[in-house]
Amino acid sequence: MADKKKKNAPPDAQEYQAFQQQREVQRPIVKNCIKAFFVGGFICFIGQIISTFYIYFFHFTEQTVGNPTVATLIFITMLFTGFGFYDRIGQFAGAGSAVPVTGFGNAVISAAIEHRTEGFILGVGTNMFKLAGPVIVYGVFSAFVVALIKTILIQWGGL
Amino acid sequence: MQLGKWLLISAFLFTLIGCGTDSALDPPSKQRNEDIDLSEISTDQSISQEPSNRAKDILSHYDQITTIKAVNSDKEILIAIEIKHMERFKLAKIREQLTKEMKEEFDNLKVELSTDKKIVMELDKLEKNLKKQVYPKKDLQKKLNKLVEFSKEQT
């Protein structure tokens, strides 16, 4: 798509693009990946500590411990977002801090904080799920599609 | 761009390699694995713990297992195992295979096999209590029933 557009562009624009591409600062993909890997891994490590804590000291099995762990992580993220600390982590780690459930929490909470001045209903209420809404919509939708495929495979495929 | 392509291809290949495991368990060795954390419980309880001890004996021949706990009533037996860390990739398969084996071994009992850490801990507690005191039949049954239900709890 993008290549086709480039070919149709006037020669001046093409020349400019070549010029621009030479001087553009390259995105450090490998470095970003490593950062994201370690910070994301560290967040998951904290999550593992929390779930082990719940297994040892409360009445949860490995099956049921997921819910309180997620709730705790999101609660911690809420505090970090409110104190402006999570933004720094996000700036440094990128996807490493956005992909775990803490990123989802941050997306909800930062939107809520941002629109607080517009009032509780039309500000916080309408804007809270601005970024998290698509996650929920497509999460539910893809779960539906996968369930449909599974049902079809089991019913007619004899899996 | 070039790098991204290579990353994608290698990720795909690693996924394929990771999926290519066949039998999850090594065949049982002839010798008992002495590193396994298990303790036989006395058979002079109100309900003989002989089936539990037999289950431990059978399972202790697998090298991948690190902990075995088991307690039985006269209707059911609850076994909890832990396996070596790297083997956890095959956890579901191993659990399935061992459950099948145990079901064949104890066809007169209802067999529950769990790999859950919490169940291992709870069974350990119960085993220690069984060593200290003799449980009335009903109490043991009740306790075991509760644990079996607990092990099946879903979110």
Side-chain angles (χ1 to χ4, degrees), chain A residues 1-7 17-18 20-22 24-38 40-41 44-45 47-74 94-96 99 101 139-140 143 147 150 159, chain B residues 1-12 14-15 19 66-67 69 71 78-96 98-99 112-126 128 142-155:
Chain A
M1 213 33 200
D3 284 346
K4 238 185 207 172
K5 250 187 200 167
K6 253 182 217 168
K7 266 176 206 160
Q17 262 164 7
Q20 183 268 133
Q21 225 160 41
Q22 262 178 14
E24 194 181 53
V25 180
Q26 284 285 315
R27 202 151 49 99
I29 295 177
V30 177
K31 202 173 137 200
N32 283 351
C33 283
I34 292 170
K35 272 185 192 168
F37 178 80
F38 279 105
C44 298
F45 169 65
Q48 187 63 47
I49 292 175
I50 293 170
S51 67
T52 309
F53 169 80
Y54 279 132
I55 287 176
Y56 269 86
F57 297 106
F58 293 91
H59 201 63
F60 290 111
T61 61
E62 277 174 21
Q63 281 289 322
T64 52
V65 80
N67 291 346
T69 306
V70 167
T72 312
L73 273 176
I74 289 182
V99 174
V101 75
V140 171
K150 193 189 167 195
L159 206 75
Chain B
M1 196 59 217
Q2 205 64 5
L3 190 79
K5 213 189 209 166
W6 277 111
L7 270 177
L8 244 169
I9 291 170
S10 52
F12 182 64
F14 281 133
T15 315
C19 289
T66 55
T67 314
K69 306 281 169 200
V71 172
L78 179 60
I79 308 164
I81 56 166
E82 266 181 348
I83 56 176
K84 281 182 186 157
H85 193 71
M86 290 312 275
E87 305 291 335
R88 283 185 73 89
F89 285 115
K90 297 179 272 181
L91 187 65
K93 266 189 187 172
I94 289 178
R95 186 169 48 216
E96 206 176 294
L98 288 178
T99 308
E112 290 298 334
L113 192 135
S114 171
T115 48
D116 203 298
K117 176 84 191 150
K118 185 72 180 181
I119 304 300
V120 173
M121 284 161 56
E122 292 288 322
L123 273 185
D124 186 48
K125 235 194 258 167
L126 188 57
K128 274 182 187 147
K142 218 173 168 187
K143 238 182 175 146
L144 203 64
N145 249 336
K146 245 185 194 168
L147 271 183
V148 168
E149 250 167 53
F150 186 40
S151 73
K152 282 182 182 165
E153 219 168 78
Q154 295 281 331
T155 43

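Just so it is clear: chains get the letters A, B, ... in the order the sequence lines come, proteins before strands, and each one is counted from 1.
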* Where the side chain of A:E62 meets the backbone of B:D116, is there a donor-acceptor pair that is under 3.5 Å apart? -> no
* chain A heavy atoms under 4.5 Å from B:T115: which part of the residue, side chain, backbone, both or neither? -> backbone
* Structure fact -> Expected contact set for residues 47-58 of chain A against chain B at heavy-atom separation under 4.5 Å reads A:I55, A:Y56, A:F58
* Is it true that atom CD of A:Q20 has more than 12 heavy atoms of other residues, nucleotides or ligands lying nearer than 6.0 Å? -> yes
* To do: Evaluate side-chain contact (heavy atoms from CB on, under 4.5 Å) for B:E153 paired with A:Q63, printing each intermediate quantity in order.
  => CA-CA 7 Å; B:E153 219 168 78; A:Q63 281 289 322; over 6 Å; no
* Best-contacting candidate, A:N67, A:T64, A:V65, against chain B by heavy atom pairs under 4.5 angstrom -> A:T64
* Structure fact -> Tested for side chain to side chain contact (heavy atoms under 4.5 Å, CB included) against A:T61, the lone hit among B:K118, B:E122, B:K152 is B:K118
